[in-house]
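Predicted model, so just to flag it, every value in this text is computed and none were measured.
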Amino acid sequence: QVQLVESGGGLVQAGGSLRLSCVTSGLTFSNYVMGWFRQAPGEEREFVAAITQSGGRTLYGDSVKGRFTISRDNAKNTVYLQMNSLKPEDTAVYCCAASTYYNIRPDDYNYWGQGTQVTVSS
């Protein structure tokens, strides 16, 4: 059974930082592109970041470029999202996902976690 479990969310003031983690099990982690997506109430799911299987390439959504960093540790079956200079508009549920494709389309991601809430106060 494949599981993706996110952690690290919480309440932070604008300008602050958070580091999200996503621990996976039940899949060969190093075979998958890993991505982060977010969804705010009443909004569509938004691509945040993706990283290739080896970690050699990364991709970011325009709204987080220069502020967020995705990384992975294949020995720990874990992907991370370091979020700096947080803004109130970053408030959303953040989910990690696994895909065999390196792109931004949610439909191409096979496995999803339940998500972790990030709330940024002004």
For this session: Give a yes or no on whether Val79 and Val33 share a hydrophobic cluster (residues Ile, Leu, Val, Met, Phe, Trp, Tyr; joining criterion: side-chain heavy atoms under 4.5 Å apart).
Result: no
Taking every heavy atom of Val93 against every heavy atom of Gly115, the minimum-distance pair comes out as CG1-CA, 3.8 Å
Tightest non-hydrogen contact, residues Gly61 and Phe47, listed as N-CE2, 3.6 Å
So OG of Ser122 and CD of Gln13: to nearest 0.5 Å the spacing works out to 9.5 Å
Could you tell me whether a side-chain N or O of Glu6 sits under 3.5 Å from a main-chain N or O of Leu20, the two making a donor and an acceptor? no
Distance col, row Met34:CE vs Ser71:OG, nearest 0.5 angstrom, shows 11.5 Å
Going through the distances and angles, do Phe68 and Leu81 end up as a side chain to side chain contact (heavy atoms under 4.5 Å, CB included)?
CA-CA 7 Å; Phe68 291 11; Leu81 185 68; 4.2 Å; yes
Checklist entry - Do Tyr32 and Tyr102 sit in the same hydrophobic cluster, where Ile, Leu, Val, Met, Phe, Trp and Tyr count as joined when their side-chain heavy atoms come under 4.5 Å apart? => result no
Q.
Test your reading of the model: is there a side-chain donor-acceptor pair from Tyr60 to the backbone of Ile70, 3.5 Å cut-off?
A. yes
Taken to the nearest 0.5 Å, the spacing of Thr24 OG1 from Lys76 NZ works out to 13.5 Å
Minimal heavy-atom distance between Leu18 and Leu86, with the atoms involved, is N-CD1, 3.9 Å
To the nearest 0.5 Å, atom CG of Leu11 lies from atom CD of Gln117 at 9.5 Å
When every non-hydrogen atom of Arg38 is compared with those of Ala92, the smallest separation belongs to CB-CB, 3.8 Å
Taking Arg72 for the side chain and Phe29 for the main chain, is one N or O donor matched with an acceptor at less than 3.5 Å?
yes
Quick check: is Tyr80 connected to Val23 through a chain of hydrophobic side chains (ILVMFWY, heavy atoms under 4.5 Å apart)? no
Between Asp90 and Tyr94 the two heavy atoms that sit nearest each other are O-OH, 2.6 Å
Separation between CG (Asn77) and SG (Cys22), nearest 0.5 Å, reads 10.0 Å
Count I, L, V, M, F, W, Y as connected when their side-chain heavy atoms are under 4.5 Å apart, and connections chain through other members. Are Trp36 and Tyr109 then in the same cluster?
no
Smallest heavy-atom separation, Val2 atom then Leu4 atom, equals CG1-CD1, 3.6 Å
Please check this pair: side chain of Tyr111 against backbone of Cys96, looking for a donor-acceptor N/O pair closer than 3.5 Å.
no
Here the gap from Gln114 atom CD to Cys95 atom SG, rounded to the nearest 0.5 Å, amounts to 7.5 Å
Q. Under 3.5 Å, side chain of Ser21 to main-chain N/O of Ser7, donor-acceptor pair present?
A. no
Quiz item: Taking the six-membered ring for Trp, are Phe37 and Trp112 parallel (under 30°), tilted (30 to 60°) or perpendicular (over 60°)?
Solution: tilted
> If only atom types and distance count, is the side chain of Thr52 paired as donor or acceptor with the main-chain N or O of Arg57 below 3.5 Å?
Replying inline: yes
